[in-house]
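I have placed the structure first, in the form of structure tokens, so that the comments after it can refer back to it.
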2 protein chains.
Amino acid sequence: MRLTDRQKLILTLIIHEHIQTAQPVGSKTLVQKYHLSMSSATVRNEMATLTDYNLLRQPHTSAGRVPSEEGYRYFVGNLIHNSTLPTTTRRTITHQFYQSRQDVEQWLKLAASVLANQSQAASLVTAPHAEKAIFKHLELIATSGRQVLMVLVLMGGEIRQQFISLAEPVPQDRLSEIATKLSNLCVRCDAEGIARLRGHFDPLGQDILDILLAEMTLIEESATGQIYLDGMTNVLAEPEFSESDDARQALNLLQEPSLLENLLASTVMNTDVGGIQVLIGGEGNWEQLRQCSIVLARYGDPNTLTGSIGVLGPIRMPYDRTISTVRFIANVLSDLVSETLAV
Amino acid sequence: MRLTDRQKLILTLIIHEHIQTAQPVGSKTLVQKYHLSMSSATVRNEMATLTDYNLLRQPHTSAGRVPSEEGYRYFVGNLIHNSTLPTTTRRTITHQFYQSRQDVEQWLKLAASVLANQSQAASLVTAPHAEKAIFKHLELIATSGRQVLMVLVLMGGEIRQQFISLAEPVPQDRLSEIATKLSNLCVRCDAEGIARLRGHFDPLGQDILDILLAEMTLIEESATGQIYLDGMTNVLAEPEFSESDDARQALNLLQEPSLLENLLASTVMNTDVGGIQVLIGGEGNWEQLRQCSIVLARYGDPNTLTGSIGVLGPIRMPYDRTISTVRFIANVLSDLVSETLAV
DNA sequence: TTTTAGCACTCTCACTATGAGAGTGCTAAA
DNA sequence: TTTAGCACTCTCATAGTGAGAGTGCTAAAA
């Protein structure tokens, strides 16, 4: 299927117009609004061809045309010129990041928030996560009585904390001693390496080693880091979702970590860092996303830490702008990760 | 305004029926459905009286009656008998908490999730937060080059982490030494106490002390801890929100931390731990909540660490059940906090 | 061969009846 | 004080109607 330049133009204009109005686009309207140097009849003929190609759809005989999912896919794949965000916008965003508290969590929240605001849609950001969990440092802090706070730091900067109930109270000195010993022995080990250290410790150290081991295994098993969402309500404001249940279903998908991990695993995980993936109308695989599109990217250092970011909005989405925004934020996060978290 | 027993009965039944059907309730329906030993005419008369008292409303002449906000308020204040959750439900919930990973964050997420599922509404949980930030422990962990991860633990178990960019690389030994010294000197100090220690350190230690101080001040200034939300989409499923914009506005309120802190500050912060506060239809103060009700409670240890939990749903909410659930979860969290986080 | 004017045709949407159904308030009797 | 009876009101679902927007086709023009 090769389109003539004129067909490409008409498809682009229809998509452009439909994104603005959320209404079917008619031939006459199109000619008037964009001052086309051809008659509406010509446009009609081209529209008929594009409809034959399944790039356009007619909600009913004698309504205007609406881009089909395939139409959007063709548009995204062939007609979008790689635009970048305006310099001022980019400056503003970068500025916000360097102004914020120096903390990964803050950055990720900020990324989700900026993404949601710029795209006026729902956004998601997953924390950078290493495929392999490598031990870096352990701290044990006595809180009250037999309760001890364990802080585990991984290579790459992921931090996990949890409480441990000991059989009997242990003074902080003793805890620090164990923590130091464990830290020195385990550094740069993965779960297997740590498992091999069993038997080098007294009973208390052994207990803590086991808990540490369980935690490392747990981390390895999870496919993504913590998930941050923002802008859920932006989606609800779109006219196509005002009455139906579709938006609710799509937002549910985002909020159910297992479902979302699934989605990410089968899409963006296969993408290179820097690449963009666009999922239009669920592509037949995601029933809940029939009315939605998702723009996804991966950020971070491909060899060590990576995370995903994305935007969920209606199929009728300004793809060029959204893609530019997602790409830009992904780059910003990649820079931050490589500056602060590099191994 | 004193109601007769019969009026109380009728008001209760109307509310009960309306909560189930989301429709105006007529006199005849009421008599039939609840096998009342009086005629519909009598019910009509009582309804007229209750309408005079502004406890009921008529959407239009010759429709059934709908409880007014005042009606709900009277119901919550006078007609709800302090019911508790069924034992099996309570067991299930408690079990889930003791099964989960031993980590405050997990508990709070779980609390939000259970609350949302039990009440089929949106839930919110704020992390336990001390009015006064008291230093407990500091760790400094070298990551790469000049980047250092600072982990700050407060009395009560709040943990904050952030990255510090040093002027030049510093070996881990040196960092540990500084951290230990700071930890020993600052323990049990508030921000002022720490400020008094300025000048006791070499330049590097001084820099870190300043960052620590800034962080402590920041914590003191924030009114609540981290906020966890769940079940947003439950609200969207309610029939009264299927078309209007009201749900979106209410959910926006929850997701905007500053607005939410504001709301909490002027309501639940004035409540005792263990007490329940019910905010019906925004009570004239919260325009975005005109169509919603919120059930709030505080948990934790009144003298040290407290947090808030709550449920947001339509005004037409099963108050007795929701209140029992909120109260129960608040107690569970209070127990967990006092067991693990006590000073 | 491509483009365009003209025209009959189609389908939606907003608007206007219309009538069944549910519910009310009032009156007068029990 | 309660209740049966009745006239009245208001909504909601249904159907009919006409204006408006848009199409596809045909035949003429470029």
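The sequence lines fix the lettering, A, B, ..., with proteins before strands; numbering per chain opens at 1. No experiment lies behind these values; they were computed from the predicted model shown.
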Taking only the side-chain nitrogens and oxygens of B:Arg65, find out if one of them lies under 4.0 Å from OP1 or OP2 of C:dG23.
no
Would you say D:dG22 has OP1 or OP2 under 4.0 Å from some side-chain N or O of A:Thr29?
yes
Please determine whether side-chain hydrogen bond (donor to acceptor under 3.5 Å, both in side chains) holds for the pair B:Ser83 and B:Ser324, giving the CA-CA distance in whole Å, both sets of side-chain angles, and the decisive distance to 0.1 Å.
CA-CA 6 Å; B:Ser83 63; B:Ser324 320; 3.2 Å; yes
Any donor-acceptor N/O pair, A:Glu256 side chain to A:Leu253 backbone, under 3.5 Å
no
So what's the dot-bracket for DNA chain C: Watson-Crick or G-U pairs under 3.5 Å, [ ] if a pair crosses, | if it pairs off-strand?
||||||||||||||||||||||||||||||
Decide yes or no on side-chain hydrogen bond (donor to acceptor under 3.5 Å, both in side chains) for B:Ser39 and B:Thr42, but give the supporting numbers first.
CA-CA 5 Å; B:Ser39 79; B:Thr42 311; 3.3 Å; yes
Residue-level proximity of residues 41-56 of chain A to DNA chain D when a heavy atom falls under 4.0 Å:
A:Arg44, A:Met47
How many whole angstroms separate atom CD of A:Gln23 from atom P of C:dT12?
14 Å
Which label fits A:Tyr34 and A:His16: parallel for a plane angle under 30°, tilted from 30 to 60°, or perpendicular past 60°?
perpendicular
Nearest-Å distance, NE2 (B:His18) to P (C:dG23)?
14 Å
Looking only at heavy atoms, the pair that brings B:Leu115 and B:Ser123 closest together is CB-CB, 3.7 Å
Which is true for A:Ser40 with a 4.0 Å heavy-atom rule: it touches a base, it touches only sugar-phosphate, or it touches nothing?
nothing
CA sep, side-chain torsions, deciding dist, call: B:Gln277, B:Arg298, side-chain hydrogen bond (donor to acceptor under 3.5 Å, both in side chains)
CA-CA 9 Å; B:Gln277 201 158 69; B:Arg298 242 168 129 207; over 6 Å; no
Tell me which one of A:Ile15, A:Val76, A:Leu79 satisfies side-chain contact (heavy atoms from CB on, under 4.5 Å) with A:Tyr319.
A:Val76
What are the two closest heavy atoms between A:Thr271 and A:Thr267, and how far apart are they?
OG1-O, 3.6 Å
Every protein N/O lying under 3.5 Å from an N/O of nucleotides 10-12 of chain D:
{"from": "D:dC10", "atom 1": "OP1", "to": "B:Thr61", "atom 2": "OG1", "distance (Å)": "3.2"}
{"from": "D:dC10", "atom 1": "O4'", "to": "B:Thr61", "atom 2": "O", "distance (Å)": "3.4"}
{"from": "D:dC10", "atom 1": "O4'", "to": "B:Ser62", "atom 2": "OG", "distance (Å)": "3.2"}

Distance in angstrom units between A:Lys33 NZ and D:dA21 C1', rounded
15 Å
If you define the side chain from C-beta out and look only at heavy atoms, does anything of A:Gln7 sit under 4.5 Å from A:Thr49?
yes
Round to a whole Å and report the spacing from CD1 of B:Ile10 to C1' of D:dT2.
13 Å
So, do A:Asn252 and A:Gln288 sit near enough that their side-chain heavy atoms are less than 4.5 Å apart?
no
A:Lys28 atom NZ: more than 12 heavy-atom contacts under 6.0 Å
no
Write down the distance between NZ (B:Lys28) and P (C:dG25), rounded to a whole number of angstrom.
16 Å
